[in-house]
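All values derive from a computational prediction rather than experimental measurement. Heads up: numbering here begins at 1 and tracks the sequence.
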Amino acid sequence: MEKKLKQDPINLVKVVLFGPESTGKTTLSRQLARYYHTVWAPEFAREYLQKKWNNERKTCESEDLIPIAIGQMKLENKLAKRADKILICDTDLLETKVYSQEFYGGFVDEKLDKAANENKYDLYLLTYIDTPWEEDDLRDRPEQRLEMFNAFETALKKHNRPYILLKGDRETRLKEATTAINKIIKEKEDLYSFSSIL
C-alpha cells in the first residue's frame with residue numbers, strides 16, 4: 001500500500017465518526033475529544049474542497065479523492081502523536097471510498113480501496129439522519145440522505161467493521177458513544193499518552 005495512505009503504528013483507541021453529511025459527526029467529534037481530554041482529526045476534505053470551491057467554483061471530482069485521502073492520513077498520523085489514549089477521527093478512508101462509489105458510478109481507485117481495507121479502527125460511530133440538514137457550499141443530495149445512510153451502513157457490514165448506530169439528541173449520542181468507548185479502553189493495555197511523554 002502507498003505509504004502516504006497508511007496508518008502509523010501507535011497504540012491508541014481509534015474511533016471513527018461515520019455517516020452521511022450533516023448528521024452531527026463534527027459536533028460529536030468535538031464533544032468526545034473534550035470528554036476524553038484528547039485530540040480529534042478533522043475532515044481534511046472540507047478544507048481541501050472549500051478552497052477548491054472558493055478559488056475555482058468547482059466541487060469534488062474523482063481525481064481529488066487520492067489527494068484528499070493522503071491529506072486525511074497525514075492529518076490522522078500527525079494528531080495521533082498528540083493524543084491521550086484515544087484518537088477521534090471525523091472520517092476515514094472507508095468513508096472516502098463510499099463517497100467515491102456513490103458519486104462516481106462505482107469507481108474506486110485501487111490504492112484508496114487497498115488502504116480503506118487495511119487501515120484499522122476500534123469502533124465506528126454510525127450517525128443517523130435524524131438531525132436537521134444544514135446547507136453549505138459543499139453539501140449536496142439532501143433528498144438522498146437515507147440512500148447515503150444505507151450505503152454507509154452497508155460498507156461497515158461488508159468490511160466487517162465494529163460499529164454502533166447513534167440516533168437522538170447530542171446528549172443521548174454522547175452517552176451511548178462514551179459507554180461503548182469506555183469498554184474498549186478497559187480492554188486495552190499500555191495505551192499511548194502524549195501527556196506522559198511531556
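Under the 4.5 Å side-chain criterion, counting only non-hydrogen atoms from C-beta, Leu146 is in contact with Tyr128. Within the 4.5 Å cutoff, side-chain heavy atoms of Leu126 are placed close to those of Leu156. A heavy-atom distance below 4.5 Å is not found between the side chains of Val13 and Tyr36. Looking at heavy atoms from C-beta onward, Tyr104 lies in side-chain contact with Leu65 at the 4.5 angstrom threshold. With a 4.5 Å cut-off on side-chain heavy atoms, Leu12 and Phe194 do not count as touching. Taking the side chain as every heavy atom from C-beta outward, Leu17 and Trp40 never approach each other to under 4.5 Å. Residues Arg170 and Leu174 are not in side-chain contact: their nearest non-hydrogen atoms beyond the backbone lie 4.5 Å or more apart. Inter-residue side-chain proximity for Glu95 and Gln72 is flagged as unmet; no heavy-atom pair is nearer than 4.5 Å.
Judged purely by atom type and a 3.5 angstrom limit, Lys25 uses its side chain to pair as donor or acceptor with the backbone of Pro20. Panel note: side chain Ser100, backbone Phe107; a donor-acceptor pair is recorded below 3.5 Å. Without hydrogens or angle criteria, Thr38 side chain to Asp84 main chain gives a donor-acceptor distance under 3.5 Å.
A side-chain contact (heavy atoms from CB on, under 4.5 Å) with Val15 holds for exactly one of Asp122, Ile184, Leu125; it is Leu125. When each of Asp130, Thr27, Thr131, Thr127 is tested with Arg173 by the rule side chain to side chain donor-acceptor pair (under 3.5 Å), just one qualifies, namely Asp130.
Residues satisfying the side chain to side chain contact (heavy atoms under 4.5 Å, CB included) criterion with Leu75, sequence neighbours excluded, are Pro42, Phe44, Leu79. The side chain to side chain contact (heavy atoms under 4.5 Å, CB included) check on Lys186 picks up nothing, with sequence neighbours excluded.
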Q: Kindly indicate, with the supporting measurements, whether the criterion salt bridge (Lys or Arg N to Asp or Glu O under 4.0 Å) is fulfilled by Asp8 and Lys81.
A: CA-CA 9 Å; Asp8 290 342; Lys81 294 176 182 73; 3.1 Å; yes
Q | Candidate pair Gln7 and Leu93, rule side-chain contact (heavy atoms from CB on, under 4.5 Å), full reasoning | A | CA-CA 11 Å; Gln7 287 171 316; Leu93 300 193; over 6 Å; no
Q | Verdict with reasoning, Arg30 to Arg34, per side-chain contact (heavy atoms from CB on, under 4.5 Å) | A | CA-CA 6 Å; Arg30 286 193 181 107; Arg34 271 197 307 271; 4.2 Å; yes
Q: Would you check, one step at a time, whether the test side-chain contact (heavy atoms from CB on, under 4.5 Å) holds for Ile181 with Tyr35?
A: CA-CA 11 Å; Ile181 293 166; Tyr35 183 92; over 6 Å; no
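Residues Asp190 and Asn11 approach most closely at O-ND2, 2.8 Å, considering heavy atoms. Counting all heavy atoms, side chain and backbone alike, Ala33 lies closest to Ile88 at N-CG1, 4.1 Å. The two residues Asn117 and Lys97 come nearest to each other via the heavy atoms OD1-NZ, 3.8 Å. Listed here is the closest heavy atom pair of Val98 and Ala151: CG1-CB, 4.1 Å.
Salt-bridge check for Lys175 with Glu171: failed, with every basic side-chain N at 4.0 Å or more from each acidic carboxylate O. Taking 4.0 Å as the cut-off between side-chain N and carboxylate O, Lys14 and Glu76 count as a salt-bridged pair.
At a threshold of 4.5 Å between side-chain heavy atoms, the hydrophobic network of Ile, Leu, Val, Met, Phe, Trp and Tyr places Phe149 and Ile164 in two separate groups. There is no path of hydrophobic side-chain contacts, each under 4.5 Å, that joins Tyr163 to Ile185. Under the 4.5 Å side-chain heavy-atom criterion for Ile, Leu, Val, Met, Phe, Trp and Tyr, Ile86 and Leu166 are members of the same hydrophobic cluster.
Note that CD of Glu21 and CZ of Arg145 are 9.5 Å apart. Values are rounded to the nearest 0.5 Å. Atom OH of residue Tyr192 and atom NZ of residue Lys85 lie 13.0 Å apart, to the nearest 0.5 angstrom. Note that the CG atom of Asn77 and the CG atom of Leu87 stand 9.5 Å from one another [nearest 0.5 Å]. Here the NZ atom belonging to Lys183 is positioned 10.5 Å from the CG atom belonging to Leu123, to the nearest 0.5 angstrom. With values rounded to the nearest 0.5 angstrom, Thr96 atom OG1 is found 12.0 Å from Asp113 atom CG. Atom CG of Leu5 sits about 10.5 Å away from atom CD of Glu118, to the nearest 0.5 Å.
For CD of Glu63, the number of neighbouring non-hydrogen atoms (other residues, nucleotides, ligands) closer than 6.0 Å is greater than 12. Around NZ of Lys120, the count of heavy atoms belonging to other residues, nucleotides or ligands within 6.0 Å exceeds 12.
In this pair, Phe103 and Tyr99 present their aromatic rings tilted. The plane angle is within the 30 to 60° band.
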